[in-house]
Amino acid sequence: MDLFSTPAAPLVDDEQGGIRYLRDFAGPGQAQSWFEALRQHTDWSHQRRPMYDRVVDVPRLLASYQIDALPPHLPLAEMLGHVHAQAPAPYTTVGLNLYRDGSDSVAMHNDKLHTLVPGNPIALVSLGHPRRMLIRGKSGTCHSIAVELEPGSLLVMSHVSQLTHEHGIHKTTRPFGQRISVVFRVRPPDWKE
DNA sequence: GAAGGTCAAGCGCA
DNA sequence: CTGCGCTTGACCTT
């Protein structure tokens, strides 16, 4: 897969817009200032999971907010405005992930459909150090698509693409700086975080 | 309520 | 050196 293909061409196509990568969603200065603000002022939380006979840290830091209760000291409302211009939807929550270095990751997965309102996209803004995301179809030929998620880029994934494809960010032993992803979603009315 | 999927780290092997 | 596939278990979804 060509990593530098035209941003306008969907990586995956379907009747809801597929998966689109917009590299120049925000300028470098904008992306840098968002990154700094979020990294320093977000109330990051740490989760732990059982693994064999011990409990291990989930390999990334997490935070989430309701759109109607965004902390004023974070640039999330401004970011939401930009997202609305590119991928309009009645977003209700924003989730943040901080990948501290190359050993932070997410396993291949798809977003849980029952936590999303059908027909609405998921909008993922990347900040900080670029990381490579792998996208893989769940049926038939399992060829993977690699996307370099650059700072200031926006990845828009349709609702149905969560049915047909899974995505993840692999660990690497090579040195990597910090990356933050900011994910806007449309949750059902009764959604509890 | 039972069954099946998720998702984490480390090891062995190619 | 690098990347993969396999493993267990608590919790979640079907």
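Lettering of chains follows the sequences in order, A, B, ..., and the numbering in each one begins at 1. All values reported here derive from a predicted model rather than from experimental measurement.
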Item to check | Annotated protein contacts, base or backbone, on nucleotides 9-14 of chain C with a non-hydrogen cut-off under 4.0 Å, one of B, S, - each | outcome: BS--S-
Contacts under 3.5 angstrom, residues 68-88 of chain A side chains, donor-acceptor by atom type, not counting sequence neighbours:
from	atom 1	to	atom 2	distance (Å)
E78(A)	OE1	W34(A)	NE1	3.4
H84(A)	NE2	A89(A)	O	2.8

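Among residues two or more places apart in sequence or in another chain, the side chain to side chain contact (heavy atoms under 4.5 Å, CB included) test is passed with S105(A) by P59(A), K171(A). When the side-chain hydrogen bond (donor to acceptor under 3.5 Å, both in side chains) test is applied to T115(A), the partners found at least two apart in sequence or on another chain are R187(A). Listed by chain and number, the residues in a ring-ring contact (aromatic ring centres under 6.0 Å, His included) with H159(A) amount to none (sequence neighbours excluded). Listed by chain and residue number, R39(A) satisfy the salt bridge (charged side-chain N to carboxylate O under 4.0 Å, His left out) test with E36(A) (two or more places apart in sequence, or in another chain). By the ring-ring contact (aromatic ring centres under 6.0 Å, His included) test, F35(A) is found to be paired with no residue, residues two or more places apart in sequence or in another chain being considered. For Q47(A), the side chain to side chain contact (heavy atoms under 4.5 Å, CB included) partners are V58(A), L62(A), not counting sequence neighbours.
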Item to check | Full working for side-chain contact (heavy atoms from CB on, under 4.5 Å) between I122(A) and L116(A) | outcome: CA-CA 9 Å; I122(A) 298 161; L116(A) 298 169; 3.7 Å; yes
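Using a 4.0 Å cut-off on heavy atoms, the residues of residues 54-63 of chain A that approach DNA chain B are R54(A), V56(A), D57(A), P59(A), R60(A), listed by number.
For D104(A) and R60(A), the salt-bridge test fails: no basic side-chain N is under 4.0 Å from an acidic carboxylate O.
Read 5' to 3', the first and last nucleotides of DNA chain B with an atom closer than 4.0 Å to a heavy atom of chain A are dT6(B) to dG10(B).
Among the heavy atoms of the strands, none lies under 4.0 Å from T172(A).
Direction change of the helix axis from one end of the helix from dA2(B)-dT14(C) to dA14(B)-dT2(C) to the other is 30°, with five pairs defining each end axis (rounded to 10°).
A ring pair (Phe, Tyr, Trp, His ring centres under 6.0 Å) check over residues 99-121 of chain A, counting only residues at least two apart or in different chains, returns the pairs H109(A)-H167(A).
A donor-acceptor contact shorter than 3.5 Å links the side chain of Q16(A) to the backbone of V160(A).
Geometrically, R185(A) does not engage Y91(A) in a cation-pi contact, judged by NZ or CZ lying under 6.0 Å from the ring centre and within 45° of the ring axis.
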